[in-house]
Undergrad: 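Got a structure for you, written out below as C-alpha cells; questions coming shortly.
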Amino acid sequence: MSKPSLPQGTRDFNAATVQKRQYIFQTIKSVFELYGFQALETPAMENLETLMGKYGEEGDKLIFKILNNGLELPQKKQQTLEGVEKLFAGKSSTELTERALRYDLTIPFARYVAMNHGSLTFPFKRYQIQPVWRADRPQKGRYREFYQCDADVVGSDSLLNEVDLMSVYLKAFEHLKLPVEVKMNNRKILLGLAQFCGGEEKLIDLTIAIDKLDKIGWEKVQEELKSKGFSDTQQKIIQQYLNITGSNEEKIAQLKNLLGDNASVLKGIEELTYVLQYHQTSGRSKQLVADFTLARGLNYYTGLIFEVKALNTDMGSIGGGGRYNDLTSLFGVPNIPGVGISFGVDRIYDVMEEKNLFPPSIEQTTQVLFFNLGEEEAQAAYEQMTLLRNKKIACEIYPEKSKFDKQFKYAEKKGIPNVIIIGTEELGKKECNLKNINTGIQTTIPFAELVNYKF
RNA sequence: GAGGGCGUAGCUCAGUAGGUUAGAGCGACAGUUUGUGGAUCUGUAGGUCGUGGGUUCGAGACCCAUCGUUCUCCCCA
C-alpha cells in the first residue's frame, strides 16, 4: 500500500489552523452583516454551461470539470466517443462533463439572481463564504481549493454602493489589524486610454500588458505592447499614462491633462473622485489609493475596480472587486447592474501568520481534564464533569485508567489548564483535587462547591 | 503551457571525491516511580535512502525515465 496523500494544491486544516481561519471568517462575516448583507450559499458544482466562457480563455482552462457518470454504458458509447473527439478538437464537451466545480462566487451569484430575480428585493445585497476550485499550478499563496468571501450589491447603479464596499474593506482589515491599501481604478479610464490608442477592441491586450508593470517593468511592457501592434506614439501615451505619480489629487490632475478630452476617461475620473471624496471625512482615505496601472483580469468589470494589497509583504493581492453592469444578461436577464468585492481568506491567513497577527485568545480548548483512576472514581468524576458541562465549562475525562504521568502529559500537550483528580481518598471525603497545570497550585474543593468554582 | 529546487526514521536534517553492518537531534514507547506531569539518566522500536531502469567489482551519492512536492513565469485570490 502506498502512503496516503492529498491532491495537489489542497490542504488539511488542524485544530489551531481552523480556529485562526474561523477568526478571519467571523470577522469578515460580522462586518458584512453590519453593512446589511445577507448570506447565500450555492452548490459546489454548477452546470458546465453556467461557467464556460465567463472567465476568458485562460479561465476556461482552469475550470475543474467533473466526469459524467455512466460513460461506459454500451448505449452511450457513441455519445462518449463524440465527446472525446470534441475534446481533442479543443472544445468543451458536455457529453463527457456536464458539471464543473465553481471557479468563483460571482458567476454562481449572477446565475442565482437571474433565476430568482422575480422574487428578490432590489437592491439585493448578499454575502457568500465558500470554497472555490481552480485547476491551477499551485505556488506561494495559490491553491487549487481556496475560500472566497464575497459581498455584492445588485440592482443599483448608485456609487454609494462602491463607497460602502470600500468601507467594508477598511473596516474588516481594521478589525483584523492587518495594514492594507486599497488600490482603485476605473475600467472607463482604461477604456478611454484604449480608445486613444487605436480602439476599444485593444482594451484587453492593453490591460493585460499594463497590469504587469510593477512585475516586469516598463521595458518589457513596451515590448509586449509593440508585439500587440501599438504604434510608437501610442506607446508613448501609455508610458506617460503609467508614469503618473503623486497623491490621489495629483494623479487625477495629471490624468486629466493627458487624456482629459476623452469622455470615458472623464466619467471614470468623476466616479473615482466621488468615492474618494466620500471617504475624506472618514479619516481612512489614506488607505484608498488611485492607481491607474490596476487592470484586473476579469473582463466583466465595467466601472470602478479595486484590489487590496497587504502592506510590507510580497504576497499578491488579498482581495479585489469591481462594478459590472450587466452580469446577469449572460443568463438572459438584462439590466441588473451590480458591484462586488472579494476577500482571499487563504492569502489573508498566510499574511497574518507571516506577520504574527492572530490574537492568542482565539485558541480555545478544554478547560478541565478529569483524571481517570479506576471505575468507581471515574463514575464520580463523570458526575462532576456533567455538572460543569451544564455550566458551559468545556471538560473531558481521560478515557482509560492510566498512570498520572500519562494523564498529565495529555493535559499538557493539549493545553488544558486544569486537571481534577478524584481518587479513592477524595471519593471517600466527597471532594476533589484541582490542580492548575501552569501554576502548579493545587486546591481541594468539596463536590458541592465545584460547580461554583471560577475557572 | 514553460522553467528551476527538493524527495534519506513519525518530524527536522547530516551523509565528505561513488567503498564495509546508513547517522544525529527532536518525538514515540518502556523503565527509574502501580496517587502528582514538565527535568535527568537508561533502554527499545522505527529506513528495500520516492519508484523503475542504467553505468560500476561496488550507487543514498553518477546518468536516464517516472511519480510526488515546492518555487518562478503565464494567469490569478
Side-chain angles (χ1 to χ4, degrees), chain A residues 2-11 24 28 55-63 90 102-106 129-150 180 204 207-209 211-212 215-216 220 224 294-299 306-310 314-322 340-351 369 371-374 377 398 401-428 432-444:
Chain A
S2 61
K3 282 188 187 169
S5 65
L6 233 39
Q8 202 178 26
T10 66
R11 297 147 300 158
I24 299 174
I28 295 171
Y55 306 107
E57 215 175 302
E58 205 64 39
D60 282 353
K61 283 190 219 156
L62 300 179
I63 293 172
R102 79 164 97 73
Y103 179 88
D104 71 355
L105 301 179
T106 307
I129 301 178
Q130 289 189 280
V132 302
W133 293 269
R134 295 186 188 178
D136 210 347
R137 285 281 169 92
Q139 51 186 279
K140 186 179 181 184
R142 179 182 296 187
Y143 308 99
R144 290 185 138 183
E145 178 185 67
F146 63 97
Y147 272 73
Q148 285 191 334
C149 297
D150 279 25
V180 297
I204 293 173
T207 54
I208 289 175
D211 197 32
K212 296 177 193 168
K215 246 183 191 168
I216 61 175
K220 296 268 171 114
E224 182 158 340
L294 174 65
R296 297 206 45 83
L298 296 172
N299 293 320
F306 336 105
E307 200 159 285
V308 186
K309 176 87 182 60
D314 58 358
M315 182 67 74
S317 81
I318 55 174
I341 58 171
S342 177
F343 290 80
V345 175
D346 300 80
R347 284 190 179 177
I348 292 171
Y349 177 93
D350 289 349
V351 174
L369 174 74
F371 270 28
N372 186 336
L373 299 171
E377 292 87 341
Y398 200 81
K401 178 184 189 290
S402 315
K403 301 201 296 184
F404 269 52
D405 185 54
K406 206 158 184 189
Q407 304 198 39
F408 266 120
K409 275 189 179 154
Y410 177 78
E412 207 176 302
K413 287 252 169 74
K414 227 177 149 179
I416 301 173
N418 304 292
V419 299
I420 286 182
I421 302 164
I422 302 175
T424 37
E425 225 175 276
E426 290 85 355
L427 197 56
C432 48
N433 263 322
L434 168 70
K435 182 162 185 174
N436 184 302
I437 293 263
N438 303 316
T439 62
I441 297 170
Q442 190 162 319
T443 41
T444 307

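Below, read A as the first sequence line, B as the second, and so on, with proteins coming before strands; counting in each chain starts at 1. Computed from a predicted model, the values in this text were never measured in an experiment.
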Undergrad: Kindly say if A/Gln139 contacts the phosphate of B/rU72, meaning a side-chain N or O under 4.0 Å from OP1 or OP2.
TA: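 Yes.
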Undergrad: Select from A/Glu425 and A/Gly320 the residue whose nearest nucleotide in RNA chain B is closer to the 5' end of that strand.
TA: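 Upstream on the strand: A/Glu425.
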Undergrad: By the 4.0 Å heavy-atom rule, please label A/Glu426 as base, sugar-phosphate, or nothing.
TA: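 Base contact - A/Glu426 has a heavy atom under 4.0 Å of at least one base atom.
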Undergrad: Look at the side chain of A/Asp405 and decide which nucleotide, out of B/rA77, B/rU36, B/rG37, has an atom nearest to it.
TA: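 In terms of side-chain proximity for A/Asp405, the closest of B/rA77, B/rU36, B/rG37 is B/rG37.
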Undergrad: For B/rG35, does the base pair up with any side-chain atom of A/Glu377 as donor and acceptor (N or O, under 3.5 Å, distance only)?
TA: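 Counting by modelled atom types and ignoring angles, no donor-acceptor contact under 3.5 Å is found here.
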Undergrad: So does A/Lys403 get a side-chain nitrogen or oxygen closer than 4.0 Å to the phosphate oxygens (OP1/OP2) of B/rG31?
TA: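 For B/rG31, OP1 or OP2 has a side-chain N or O of A/Lys403 closer than 4.0 Å.
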Undergrad: According to a cutoff of under 5.5 Å between the ring centres and under 30° between the ring planes, does A/Phe146 stack with the base of B/rA77?
TA: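 A/Phe146 vs B/rA77: stacking yes.
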Undergrad: Counting any heavy atom closer than 4.0 Å, what does A/Ser342 reach on the DNA or RNA strands: base, sugar-phosphate only, or nothing?
TA: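 A/Ser342: no heavy atom of the nucleic acid under 4.0 Å.
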Undergrad: Pick the nucleotide of RNA chain B nearest each of A/Pro7 and A/Ile422; which residue has the one closer to the 5' end?
TA: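 Taking each residue's closest nucleotide, the earlier one in sequence belongs to A/Ile422.
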Undergrad: Can you confirm if the aromatic rings of A/Phe371 and A/Phe408 lie within a centre distance of less than 6.0 Å?
TA: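 Distance test on ring centres: under 6.0 Å, yes.
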Undergrad: Check this one for me: any side-chain N or O of A/Gln8 less than 4.0 Å away from OP1 or OP2 of B/rU69?
TA: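 Yes.
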Undergrad: Please round to the nearest 0.5 Å and tell me the distance separating atom CD of A/Glu58 and atom CG of A/Asp136.
TA: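 Between A/Glu58 CD and A/Asp136 CG, I get 9.0 Å after rounding to 0.5 Å.
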Undergrad: Give a yes/no on whether any side-chain N or O of A/Lys413 is located under 4.0 angstrom from OP1 or OP2 of B/rA28.
TA: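 Answer is yes, contact under 4.0 Å.
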Undergrad: Ignoring hydrogens and angles, answer whether the base of B/rC73 and the side-chain atoms of A/Arg137 contain a donor-acceptor pair closer than 3.5 Å.
TA: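 For A/Arg137, whose side chain was compared with the base of B/rC73, there is no donor-acceptor pair (under 3.5 Å).
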